Structures are given as C-alpha cells and as structure tokens.
Amino acid sequence: MVQPPSPYSSSGAGAISPLVALQATLQQMREQSDANALIQLTLEYVKAVFGAPLIWLAFYDYQNHQLLGQGGFSLVEEPTLLRGVHPLQPGEILEQVVIEQRPISVPDLSQEPRMGLWQREARRLGGIQGCFIYPFSAAGRRRCLGILMLGSQMWGVTTREEEKALLGILLGQLAASLQELENAWRQQSEKRLEDSLLRLGTAICQAGSLQERVSLVRQELQTCLGAVHIQVYWHERSRGRFVPHGSASRPSQPPTPAPMSKEAKAGAASPGDGGLSLRELGDMYYTLADGQVVVGGTGTTRSEIPLKLMQQLRAQAALAAPILLEKDLLGFIWVQSDVPRTWQAVERQLVAAAANGLALAAPLENLDRRIRQLADEQEFVQQVGRSLYNPAELPQALQQAVVGLGQRLQASAVAVLRVDPDRPNPRLFSEYRSEGKQALPPQFSSLSEQDWQDLLRSEVVAAENYDQDLRLLSWRQELAPLGVRSLMLTHTGASGTATPEGLILVLHPRPRAWSREERQLLRGTAQQVGLLLRQLRSQQRQERQEHLLSGLIATCLTLQNLATPEALYATIAQQAAQLLQIPLALVVSWQPGESRACLQPPFAAAPEFCPSGPTEINRQDPLLAAALQARGPLPLAQDQIPAASRAWLNSVGLGSWLLVPLGETDPSLPEPLGVLILGAEADRVWEAEEQAAVTLMAQTCGWTLRRLLWVQTLQERQEVLSELNWYKHRRLLDLQNALLDGLRRLGQVPGIRGDEATRWQKVVGIGRELRDLAVFAEPLLQTETWQVQPQLLSVPLATLVRKSLRRVEGLTQKRKLWPRAHGDLSLVVQGDVGRLEMILWEVLLAAALRSPEGGRLDLWSQATEGYAELLVVDQGSFDPHLLTALQWDPQQVIYADPLFQSPLSASPGLELGLCQRLLQRMGGQLSFYSSGDGRSVARLLLPLAGKELRPPAVASGGQGPQQPKQGQQGQRPAI
C-alpha cells in the first residue's frame, strides 16, 4: 500500500532498505527512556517506509474502553483528531481489532459505517479509501496495548506480508519498550508513594490545627500529582451540602442552620460558596459513603462522577476520595485536571491515604467539644430514664423527651408512634413540631415486611434523600404533604425485639446525612421512650381495668334492682355503650319458647347510628344463631355480618361488632333470652378485659331477666287467684245475704194478711229468687275453677247502682248515712256484670265505712267520650298512704316487693287494688282522690255498650266534684 517511493526503498541510488532502517530504529528505541520519544520514532519509521497519507497511533485504555490518540500524520493538519479520545462502541471495527487482536483491512473507509468518526472524516482527510488497522500488545500479555492505522487514497489497497512483518517487529519493540517504562515507573511510583505517605503522616502529626493539616495535604498531593487542582469538601449535614474547606464549619461540629436560598432549596449549587448538594453528587455520594474512591472524565464512557458535575466544575478528569470515620462521611478530597488524564492506581491510593489521614485528624479538632456534647446527650437519655420512677409525670416526661430530641437533632418534626399487636397501622401518640409546621396524621399506613426486617436488623433506618430512597414507600402518602426530604426511623424496643411497643420518626425538610452520633442519640432515647411507653401502657391498662371494674359493679347493682324487662334492656344498652365508649348498643330479646325476636330500642350516640330496619326478627336469623353457638363474645367485622341480618342491622358508619348472649350458652343450662349487640367504628379492637366485662354484664342481665319473668309469672298467677278468691268470696257473701234475706222473708209469710193463695204466691216468688241465686252461681263453679273467665255483657247503669245500694243498705242504715244517686242513670254499660256489681259494691262499702255517721253518700253519673263516668263521693277522710298507693299504675302493682308490707297488702287496700286492675282489664278505670273541699272521691269509668273500647281519658266530673289536680296521681312510690 506504499504510494510514493520511500527514502528507504532499494530502487534508488544510495537508498537504505526498510530492513536496515528497522534495525537502526529498533536500536534507538531500546536506548530510549521516554514514551513520547518511542512514539515519535515509531511514527517516523512508518512514515518513511510506508509513506501512507494517513498514519495514526493510539493506545488502548482498558478501564474506560477507549482509544487515546498519540499522534500521527495526515494530508490535512488535524492534531485534535489524531490526539483525541475515541470511545469504542459495540460493533465497530476498531473494537473488533482491539478485542480479537488481529489486523483488519477496510476497502473504502468513507463507505464503512462501522468506522464511526473515521468514516465521516475520511473525505476531509484527503479522500482516504483503503485502510489497514494493526493491533499490538506486549509479549505474554493478552490485553491489547494499542493500534496503528494506515490509510491510502486508493480503493482496496492491501498490505503485503513483508510489510506486515515489518510492522509486527516494530510494534512489538514499541510494546516491549513501553512495558519496561511502565515497570520502571511503577517502581518509582511505589517508592514515591511510600515517601509521600511518610511525609503526610509526619506533617499531620506535627500540625497544630486542622487548617494546617489540610494545607499540608494539598501541598503534598500537588507535588506528587503534578498540574492538578485540589480541594477539600466538608459535609454540612444540616444543609445537606458539601462545602469547600474554609467556608465550612468544622467536620464534627453541627453547624448553625442558616437561611437557604431558593437555589439551595432546589438542590442547585450556589456559585458564591462553591458548595455541592446531594442531588448534584447523585450516586457518587453513596459510593463515597461506602468508602470507595471515584474517578471520572469528560471523555470516559464509564465515569463514576456525574457528567453535569464535571461540566459545572470545568474538569476534564477528576478523582474523589472519601474522608470517612467509622462509616460517617465527613467529606472528601477532590482532585481535578483541566486536560484528559487517566488516574493510575498509585495516584488513587495516595489520595485515599491522604483522605484517611484527614479522617483520623478531623476528630482531634473538636474533641473536647464532642466529649461535652456526648456527656450532655448521655445526661439527656438518663434524664428520660429517671422519669420512670415518677408515674404521675410519665406523659410530661415523654413529651419533654420528644421535644428535647427534636431540638438536638434540629428536626422539623419528631413523632412517637404506638404499635399495637392487634392493630396493623401505627398510631400517633406524641409529637414535636417546629414552629409553623403542618400537623402529622393521626395514623400511618402499615409498614411492609421488608421495612420491618430492615428496621429490626439495623435498628435505625436513615433516608438521607427520601425522594430517591426506596425504603418506607408505604408512608409517602402521609409524609408527602409535610415536605419531608430526609428522615430517621427506629423502634423503641431493645436489640433483638420482635414486637416493639412503638416507633420514633425524625423528619427534616432538606436532604441531609445523619451522623453516627445522631443515630446513637436517637437509639438511646428510643430505648428509654420504650420503657416510658410500657409504663404508660401498664398504667393505662390498670386505669382501664379499674374503670371497667367500677362500671361493672355499678351496672350489675343497677340491673339487679330493675323491675321491668324494658328497663332492663334500656339500662344494659346504655351502661354497655357508656362503659366501652361506643356509639351503639342494642338488645334483641325473645320470650321462652317463642319463634320471633324483638329488636329493643337502641342506645345510640347519634341518630345516624340507629338501625332503620324491622324490629321483629326471626329467631333462626344466622347472626343470632352464630352468637348463641359461640362459646363467648363474638367479635365480627362488617363484611362478616350475614346478608340476611343486614336487613335489620343496617347501621351507617359502623364496621366493628361484638355479640354477647344474655345468659349462659351451656346446653345444660336454660337458653339465653336475648343477645346484646355492640357497634363501633371499623378500626375498633375489642380488648379481652372489655369482652370479659360485657360478658359478666350480659350474664347478670340474663339471670335478672329470667328472675323478673319468674316473678312476673308467679305474681300474675297470684293475681288471678287473688281476684278469683275475692270474687268468689264476695259472691258467697252475696249469696249468704240473699239466702238469709229469703229465709227471713219466708218466716214472715204466715203473718201476711190475705188468703192462702196470696201467701203461697209470696212463697213461690221467694223460691224463684233462691233458684236464681243457684243458677247465677253455676257458671262461676263450672268455668272459673282456677282461671278467671269474664263474660262481657250489657247492663243498665241504674241496675248496677240499685243492686249495689241494696247490698250496702244494712250498713248505711246502721251508720245513718244518706245515699243519693244523681245524673243520667239511663246509660247502658258493658262488662262482666257480676264483677261490675262486686266492684261497685266494694267501692260503696269502703265509702260507707269511711264516712262519718249521719253523713252523705252521693253517686254522680254522666256520659263522657264513650264512657259512663260514675263518681262516688263521701265525707270521710282517706288514709294518705293508701290514697298514694292507689294512685299508682294498676298494672305495676303486681311488681311491688311482696316482702314489704304496704297499704295494698291488707284490707281495704287489697280489695280496692284488685278492683282497679280488674276494671282496667275490662276497659274501664277506677281512681281515687281527695276533692278541694276535703271530701273523698272514687271515680269509675265504665265502657258504654256498643262503643269501641279505648284507654279511658281523665275528664272532668261535670256536676260532681272537681278533677284531681296535676301531681295528685304522681309517680309510684317505693313500697
């Protein structure tokens, strides 16, 4: 591929052959100790022998996978191209030559796309077409050292075997000479490194301040590395920046926070102080924090330093070594070159050693201050621990600990989160916020399993740039509105704790690094806070148990003193809701043996919580069945409620339920008579103490309810028998009086004037009356043996009054009373005629016995709203205790304490009370009161015949005495 005749060619006179020239060149190369001279000899020989229009020699940079141009010749002056850096791309011919280490010919350089930059420059370099690329490497080394490229203006020119042999010998000697120079340089560098390290160590030990040590390190590095710029950057954690030495605080001293500019807040470097933010360093920061030296360059494809940072600092090549002390990044040494440069291993080791020396010397600068700071932090942690001995000050001690921790760490917020085993989400328990900061959410999302493992393994999770950190992703929704850029999280348990009591979260509004001392302070404080939380939880549990015990005792005592099932249902619902502080409590009850249940009125904190479904429920409802089949309280979530039960249990806003049967669920004991249903918010957890308390309340309510039903049943049976006994007794008395009267009249028959027929007719009439007495008593004996069987019939009011007055005629005559009937006596009333006669007889008998001798006994009658009102007025005085007892609701009298002697347990109160209840069951009413003028009044309301029965209204007596005033028929007194 030689184009013009070479001066070494054998064709001319006096010409030197290429082989002879090669021998002379090789001899000169063996005598050289300068790499540039070796390169120049190689290029001159190739130019002289081959005379190619394009000659280019380049070295291969293995670490950065690129070719470094060492010069050459071309028809056009192009020093930048021939000495530039050429990164190798996959698939290119130059990369193929370097990897395979075999020569390659290219027919037309301008038409070969795999030649990259050389294809585009071929025409400008003089129309280069044919090209030959020859690699070279040292003997015994597999790695390529470089290439030699020859270009021709002719298409498809190839190199002869003799020319390849000449190039092989020449480039082999070049590789061998370079290898010798590299070995000699390495030996000198190692010796220079030892000398430099010795001088650095001596200078650092003899220097009196950190300023002098940094200055000596920079001078020594300048001497060893040559024409480079050296800077030492210190890490200011509070600002999240690295600032040059001289404008930064001391490395171990927490700097005073200064107001940040908008550029600093955005993470951009400030031209004034030359500082570098964590965002500008990017992944380089994590590499330095890991203790590794980073290198980079503008032409390097595998640079470990961000290209934007290189351009910002106007560096062609750079080297950074971390100043690391006990895994705490204090800063780094920055070395940069204004020209492309490959950093040798010796240079990296030297800069790393200088950084380690500064790391060891940096703590000496503020050792006394650090000792005082550690003592202060230790005293702070001990002060938190001493507060455990005063249980009354636990909440204040916890808040002081949180505030003190936030101020020492210069955090924007510190939160203590409580972790309950039965709740997946941590809840905010205590917090510290700097002025003007937004409040923390009351509840955080649950941590992922990986976050829990990281937290328990490392004890402190520190995110120095939370926006770019992959940890604690589940909390981004809660922390995003707070503007958190860095944080620390630790648990409050001891080392190895699987279930800690809480978490401590430290937040900061800017990216920053957390030092080892700050992590230790947080960890020590967290362990003391854990003791505080355990003490507080124990104290709160004790207070909760005392509250449950006192409420339980009061509830059980109240339940035992209630007299009606309705009051029992209302009381247990109210007491359970107030004791557990829940929004809804209700009771579903049923009678023994019934197939239908009733939803009792609930106790709700707000109307929206009340169920709006039907109140009558099937006993076979799946929810009730599940509650009765459970061996204890049954907690359920909203989605566990059967669909059939949601029709009546459709409370809005509630999602957690607790069902407790009213009684024992043991099959050998009587079945429960209801279910207590408690509703709360969806996140409510029913504690074991609460379930035990509610169970005892429900069992007490169940047995009290069963006792009430027993008493009610027995007293109702007693009431029936008492009424039957009274009625039969009055009937027998009436029968006796009528019989005696008939016998008396029979004895008077012989003295009757007239003939025998007249006297016989009188005897027949008396016999017919005696027969009617037997006929009237026959239904009583046949149908009312043990049960009352009233017969509703119509009867004129005048008949009732006349018969009743006749029955008390003997008593009125004896006491010289003057009975008179007034008003409309033509009214027809309905009811059991026999019992109406006995009731009116009982009322007139009591009035006659109460009246003074020679007094009046008036009966007033009138029609009022479907009733016949009959007032029995006498001039006697009522016993006030008896009058008060008779003014109760007659249906509640049977629930009075039978062991207590009351006015209604003896005559005449016993009979009058029976008459009240009996008349009320027939649709009427009997009441007693005293008039304004001192007279006593018995008021009877009797249903008119043919009228629809309804509860009688208390109306005025018309011409009779005045109606009782407000309060005369007051609430039932205790008897």
Side-chain angles (χ1 to χ4, degrees), residues 61-64 182 185-207 210-235 242-245 248 251-252 276 278 281-297 300 302-306 309-310 313 315-337 341-365 513 515-516:
D61 182 2
Y62 175 77
Q63 293 181 351
N64 299 313
E182 182 180 357
W185 177 85
R186 183 177 291 108
Q187 293 177 359
Q188 293 178 0
S189 298
E190 291 176 356
K191 182 178 180 181
R192 184 178 61 183
L193 176 61
E194 295 175 357
D195 296 340
S196 299
L197 291 178
L198 181 60
R199 289 193 300 270
L200 277 176
T202 303
I204 290 176
C205 292
Q206 293 179 353
L210 184 63
Q211 178 69 30
E212 295 179 4
R213 294 185 178 96
V214 172
S215 178
L216 291 173
V217 166
R218 294 178 63 179
Q219 292 177 7
E220 186 62 32
L221 291 179
Q222 195 78 47
T223 302
C224 298
L225 299 180
V228 293
H229 301 288
I230 301 173
Q231 184 60 272
V232 177
Y233 287 88
W234 295 115
H235 192 186
F242 288 85
V243 296
H245 180 78
S252 298
L276 303 175
L278 297 181
L281 295 180
D283 293 339
M284 170 184 167
Y285 167 74
Y286 298 102
T287 306
L288 292 173
D290 198 33
Q292 302 180 25
V293 178
V294 295
V295 296
T300 305
R302 297 166 57 186
S303 175
E304 298 173 339
I305 300 177
L309 180 62
M310 296 286 294
L313 299 178
Q316 295 294 323
L319 172 67
I323 304 175
L324 199 66
L325 180 63
E326 297 183 0
K327 298 182 180 181
D328 187 12
L329 185 61
L330 304 180
F332 61 89
I333 298 179
W334 174 265
V335 181
Q336 75 176 47
S337 175
R341 176 171 179 169
T342 302
W343 301 104
Q344 304 298 326
V346 176
E347 296 173 334
R348 302 181 188 182
Q349 295 173 5
L350 179 62
V351 178
N356 292 335
L358 289 180
L360 295 175
L364 300 177
E365 182 71 10
S515 65
R516 178 177 58 88

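Source: prediction; values computed, not measured.
Residues A320 and V293 share a closest heavy-atom pair of O-CG1, 3.3 Å. Smallest separation of non-hydrogen atoms from L350 and C224: CD2-CB, 3.4 Å. Across A355 and P322, no two heavy atoms sit closer than the pair CB-O, 3.2 Å. The shortest non-hydrogen separation linking A318 to I305 is CB-CD1, 3.7 Å.
Atom CG of L281 is separated from atom OH of Y286 by 10.5 Å, given to the nearest 0.5 angstrom.
Legend: residues meeting side-chain hydrogen bond (donor to acceptor under 3.5 Å, both in side chains) with D283, ordered by chain and number and at least two apart, are absent. The side-chain contact (heavy atoms from CB on, under 4.5 Å) test applied to S337 returns V228, A317, V339, R341, W343, not counting sequence neighbours. The side-chain contact (heavy atoms from CB on, under 4.5 Å) check on N356 picks up nothing, with sequence neighbours excluded. Residues that satisfy the side-chain hydrogen bond (donor to acceptor under 3.5 Å, both in side chains) test with Q231, not counting sequence neighbours, are absent from this structure. With sequence neighbours left out, the side-chain contact (heavy atoms from CB on, under 4.5 Å) criterion links A354 to L200, V217, L221, I333. Every side-chain contact (heavy atoms from CB on, under 4.5 Å) that A289 has, sequence neighbours left out, goes to L329. Residues passing the side-chain hydrogen bond (donor to acceptor under 3.5 Å, both in side chains) test with Q222: none are found, sequence neighbours excluded.
No donor-acceptor distance shorter than 3.5 angstrom exists from the side chain of E326 to the backbone of R516, with no hydrogens or angles considered. The main-chain N or O of Q219 is found under 3.5 Å from a side-chain atom of T223 such that the two form a donor-acceptor pair. Listed for the R218 side chain is a donor-acceptor partner under 3.5 Å among the backbone atoms of I230.
Side-chain contact check for H245 versus Q211: some heavy-atom pair is nearer than 4.5 Å. Counting only heavy atoms from C-beta outward, the side chains of Y233 and I323 never approach each other to under 4.5 Å. Considering only heavy atoms from C-beta on, V294 stays 4.5 Å or farther from F332 through its side chain. L278 places a side-chain heavy atom less than 4.5 Å from the side chain of H235. Side-chain contact check for V232 versus L358: some heavy-atom pair is nearer than 4.5 Å. Using a 4.5 Å heavy-atom cutoff, the side chains of F242 and L288 are not in contact. Taking 4.5 Å as the limit, some side-chain heavy atom of L309 sits within range of a side-chain heavy atom of M284.
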